[in-house]
2 protein chains.
Amino acid sequence: MKTRITLKKIASEFGVSISTVSKALKGSHEISEEVRERIQAFADFYNYKPNNLALQLRNQKTSVIGVIIPEIVHHFFSTVIDGIEQYANKRGYNVMVCVSNESYEKEVLNFNVLTNGSVDGLIVSVARGTQKNKKYNHFEALIKDEFPLVMFDRIIESIECDKVIIDDVGGAYNAVEHLIEIGSKKIALLTTQDYITVGSLRKEGYLKALKNAGLEIDESLIYKINDSENLYEQIKKVFNSKNQPDAILAVNEIYAANALIIAKERGLSIPNDIAIIGFTSGLISEFTSPPLTSVVQHGYLMGEHAAELLINRIEHISPTEYQKEVISTNLKIRKSTFIEN
Amino acid sequence: MKTRITLKKIASEFGVSISTVSKALKGSHEISEEVRERIQAFADFYNYKPNNLALQLRNQKTSVIGVIIPEIVHHFFSTVIDGIEQYANKRGYNVMVCVSNESYEKEVLNFNVLTNGSVDGLIVSVARGTQKNKKYNHFEALIKDEFPLVMFDRIIESIECDKVIIDDVGGAYNAVEHLIEIGSKKIALLTTQDYITVGSLRKEGYLKALKNAGLEIDESLIYKINDSENLYEQIKKVFNSKNQPDAILAVNEIYAANALIIAKERGLSIPNDIAIIGFTSGLISEFTSPPLTSVVQHGYLMGEHAAELLINRIEHISPTEYQKEVISTNLKIRKSTFIEN
DNA sequence: TATGAACACGAAAACGTTTGCGTAACTTAA
DNA sequence: TTAAGTTACGCAAACGTTTTCGTGTTCATA
């Protein structure tokens, strides 16, 4: 790459000082009309642009926010990033994305790389590995330094910082309520392992709705899927069990879509034999047959809010106490739970 | 945020010079054992880490690569980013992601922000707006400065830089060949507007395969979808036409899935009445009913290759002439074209 | 002719590093 | 005792900016 032109080079070209050039290009009245115009023309010709690194160092501000997410090939997370990116742009910030791949080690690595001056603040959704081993030292170090930090979706309650979450409890509650309304009595739950916060919150909503409707809780209808093993085989167990449900609530789109496929393989009619709802943020639910009723998560909104919280914190226009924003879901009813009279 | 500890602060703490501290922390033999240990202990205690900005400025290297893509909520693009990110990490680079939102103006803006020293190189997939208005000045400026640049997927032929593309022609060719093999005679093409390069390349493969099989080309079977209008309504036209196809090749997953839905609404049996294939990189095709035969694009691989080309260029270990890598597709045959005997 | 203001520019510090070179103090050997 | 070598550190430049303050010249005014 050719080296870019600098103030120094322009200065030596005109035999003036660096400060003169700097002032000239900023249109300072300290510089005579004539000199200013000549410098401006020269700079334009060589397409001068101030070096960002130098500015960042001087201003002690990068105008970059770092985002660390468990995965990026994931509709929900990419939607959140989209929201973050668009909002950050409006406020004059850029976004640096790192992927933890659900690994604690990689997450720590990303923390180290990003918090050494490369970014003004961090938005994080916690890796599964971290949630599992509960090692939060990297977060604690950040908090101790008062480094601007926002957690979203997968959060750690004990870490004091701004947070944005989906109303997981409410979403699951509404979904179950809807299933009960259409007559379901035995509602299975396809959820994650307990250490995934969103999974356990959705379970909480599920349980709450059952209780509220006076339905008994049947632990054998709760299936905890292990994401590192074969999904299809695990979900099959729901249908192999002697305790057959008449409805399923899945905590994500993939679980729901797999359940739908298996149900159809078994010759079950949907929603008559079995109704299915999944949490979603993607497109799959629209294109299955029948399309899946979904708890829609507004990832874009979540991203926007996370970015707003972070930037306000960076720019010291936040209240001192930390905020916790809850993004509500809505239930998109499609054919997988729609029973025609 | 608390200000981080710097060499200067440590130096004044011990009453030594900054260079002594720097050398001590780098384990230089110039510094006595005793002083070194004391400085090291102090630095560890205060969790000293060199300021990245300062290093970047001094070394004239950021170890960051910029990525500008048309959208991020898109399975293909997020998969490419994943590939870029993982590969870049292995080589010690981080990734800064910007979204052009298909807009020429936003793309130019991103160029300006990223090429002022923030990144060592750029990976770009061209915005639709840019492809449409054919204003390539921002690219040309980069090339003139010999700024490391790699284009992927949506490329501009006339810009001289490293490129990575999908074998769009071959992918479409194979898909059509497959359709012909299963007996299709009238194959419709659901493609994009001409200015989208991947769309026209896929059309090229489509035409080539028809010619090769001695089938006549029927322009009325070629539908150019406009992404800014209602997809569903546009695709409906295929089925409203008096010229009914017995197969459809769609240049992306969404077109294919919509076609499938509409076909089923019309009571058509798939693949008997009409076979459908889509280009894909997402999950939708697996979960439709029947699942869609797909031209699978290996986005992850593409990302890896793009990052490799770029980093090699940055580190001057590329051949002088620019490379153009072609990532081949493969045809994943599913039920939407699988006719049982 | 002095005084003061206005004008136009330069010097230098600051942001936080790294590193080549200079140099005191001390040690060793002749 | 002296020359040479070693040890252990400091100085200063460099990366590219911005900005405060200082200063020399010109000009008008009393």
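Excluded from the calculations below are hydrogen atoms, water molecules and symmetry mates; all remaining heavy atoms, backbone and side chain alike, are included. Labels below follow one simple rule: chain letters A, B, ... track the order of the sequence lines, proteins then strands, and each chain is numbered from 1.
- Ring-centre distance between A:H138 and A:Y104: below the 6.0 Å cut-off.
- In summary, the side chains of B:T130 and B:E107 do present a donor paired with an acceptor at a separation below 3.5 Å, with no hydrogens or angles considered.
- The closest side-chain heavy-atom distance from A:V67 to A:M96 is not below 4.5 Å.
- Rounded to 10 degrees, the angle between the two end axes of the helix from C:dT1-D:dA30 to C:dA30-D:dT1 is 80°, with five pairs used at each end.
- The distance between the ring centers of B:F139 and B:F111 falls below 6.0 angstrom.
- Judged purely by atom type and a 3.5 angstrom limit, B:N51 has no side-chain atom pairing as donor or acceptor with the backbone of B:L55.
- Taking atom CD of residue A:E30 and atom P of nucleotide C:dA8, one finds them 10 Å apart after rounding to whole Å.
- Look at NZ on A:K9: it is 14 Å from P on D:dA14, rounded to the nearest Å.
- Distance, B:E33 CD to D:dA8 P: 9 Å, rounded to whole Å.
- Under the 4.0 Å criterion applied to side-chain N and carboxylate O atoms, A:R91 and A:E315 are assigned as salt-bridge partners.
- Summarising the geometry, the separation between NE2 on A:H29 and P on D:dT19 is reported as 13 Å, rounded to the nearest angstrom.
- At whole-Å resolution of the value, CD in B:E34 and P in D:dT7 are 17 Å apart.
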Sugar-phosphate atoms are those with a prime plus P, OP1 and OP2; base atoms are the rest. Using that split, label each nucleotide of nucleotides 12-19 of chain C B, S or - for protein heavy atoms under 4.0 Å, 5' to 3'. B-BBBBBB

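- Of the N and O atoms on the side chains of B:K106 and A:N89, at least one donor lies less than 3.5 Å from an acceptor on the other residue.
- With hydrogens and angles left out, the side-chain atoms of B:Q86 and A:N101 include a donor and acceptor closer than 3.5 Å.
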